[in-house]
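Input: a single structure, listed below in structure tokens.
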Amino acid sequence: MWWRILTIFLAFALLGAHFLRYGQTLLCALFVVAPILLIFRHRFVAHFLQMVLLLSAVFVWGLSGYDYVQIRIAMDAPWLKLSLIMSAVTMFTIGASICCHGIQKRRAQQN
């Protein structure tokens, strides 16, 4: 169970770092503090975090990755490594959302 929480925290920390890079400290703080909600054992909390991670995978990493690769292609710069890294970060975030589902199932079994 601890590794699921660690994975979720790392995914949110990566999202926070992404927003901090652009000077959006409030969003950064919200993303870094969000996994603390797992302290509450309500099923809505894990479901909410799962949805945030899934939406972030698509709308933050997916769109950013697409934009970054398009910029690299337009500049005639190497883009393949960037696309692989952004795909890996997206998959990691989706994996963290799956960990939220595992926490939901675990908590349901304990009750």
Side-chain angles (χ1 to χ4, degrees):
M1 180 83 134
W2 65 269
W3 60 271
R4 288 182 176 137
I5 294 172
L6 180 65
T7 304
I8 293 166
F9 175 75
L10 288 175
F12 274 105
L14 275 172
L15 286 161
H18 173 78
F19 288 111
L20 185 62
R21 182 173 185 240
Y22 295 105
Q24 299 171 341
T25 53
L26 180 62
L27 279 174
C28 172
L30 287 174
F31 274 104
V32 170
V33 174
I36 294 175
L37 291 173
L38 287 172
I39 292 171
F40 302 108
R41 301 186 66 80
H42 196 275
R43 67 178 186 189
F44 172 74
V45 171
H47 185 67
F48 172 73
L49 293 177
Q50 182 180 20
M51 288 297 114
V52 169
L53 286 172
L54 282 174
L55 291 172
S56 297
V58 173
F59 292 111
V60 174
W61 298 128
L63 293 177
S64 295
Y66 178 77
D67 289 342
Y68 298 156
V69 168
Q70 291 301 315
I71 290 169
R72 289 275 183 105
I73 290 172
M75 293 173 45
D76 200 31
W79 57 270
L80 184 60
K81 191 185 330 182
L82 174 66
S83 67
L84 291 174
I85 290 169
M86 292 304 289
S87 297
V89 171
T90 304
M91 290 311 207
F92 179 76
T93 305
I94 291 171
S97 74
I98 293 170
C99 287
C100 286
H101 181 69
I103 289 175
Q104 288 173 340
K105 286 176 60 175
R106 196 86 186 277
R107 287 182 176 172
Q109 290 173 349
Q110 290 175 352
N111 290 334

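Everything numeric in this text was worked out from a predicted model, so none of it was measured. No hydrogens, no waters, no symmetry mates; every other heavy atom, side chains included, goes into these values.
- Under the 4.5 Å side-chain contact rule for hydrophobic residues, M75 and Y66 do not share a cluster.
- Annotation for Y22: atom OH counts as buried by contact number, over 12 foreign heavy atoms lying within 6.0 Å.
- A 4.5 Å side-chain heavy-atom check between I71 and W79 finds every atom pair outside the cut-off.
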Next on the checklist: The test is side chain to side chain contact (heavy atoms under 4.5 Å, CB included); show your working for H18 and V60 and say whether it passes.
Outcome noted: CA-CA 9 Å; H18 173 78; V60 174; 3.5 Å; yes

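- Residues G62 and T90 approach most closely at N-OG1, 4.2 Å, considering heavy atoms.
- There is a path of hydrophobic side-chain contacts, each under 4.5 Å, that joins F12 to L37.
- A single hydrophobic cluster is not seen to contain both V45 and V33; linkage of ILVMFWY side chains at heavy-atom distances under 4.5 Å, directly or through other members, places them apart.
- Separating the CE atom in M86 from the CG atom in D67 is a distance of 9.5 Å, to the nearest 0.5 Å.
- A distance of 7.5 Å separates CE of M51 from OG of S97, quoted to the nearest 0.5 Å.
- A 4.5 Å side-chain heavy-atom check between W3 and C99 finds at least one atom pair inside the cut-off.
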Next on the checklist: Set out, in order, the CA-CA distance, both residues' side-chain angles and the distance that settles side chain to side chain contact (heavy atoms under 4.5 Å, CB included) for I73 and V69, then state yes or no.
Outcome noted: CA-CA 6 Å; I73 290 172; V69 168; 3.8 Å; yes

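- The line from CG of L14 to CZ of F31 is 11.5 Å long, rounded to the nearest 0.5 Å.
- With hydrophobic clusters built from ILVMFWY side chains whose heavy atoms lie under 4.5 angstrom apart, V89 shares a cluster with L27.
- Of the inter-residue distances, the one linking L30 atom CG with F19 atom CZ reads 10.0 Å to the nearest 0.5 angstrom.
- You'll find the side chain of L53 stays beyond 4.5 Å of the side chain of I94, heavy atoms only.
- Separating the CD1 atom in I85 from the CG atom in L80 is a distance of 10.0 Å, to the nearest 0.5 Å.
- Looking only at side-chain heavy atoms (C-beta outward), W61 and L15 come within less than 4.5 Å of each other.
- Considering only heavy atoms from C-beta on, L38 stays 4.5 Å or farther from F9 through its side chain.
- Hydrophobic cluster membership is shared by F40 and F48, with clusters built from Ile, Leu, Val, Met, Phe, Trp and Tyr side chains linked at under 4.5 angstrom.
- When all heavy atoms of V32 and A13 are compared, the pair lying nearest together is CG2-CA, 4.5 Å.
- Counting all heavy atoms, side chain and backbone alike, I8 lies closest to C100 at CD1-SG, 3.4 Å.
- T93 OG1 to L55 CG: the interatomic distance, rounded to the nearest 0.5 Å, is 12.0 Å.
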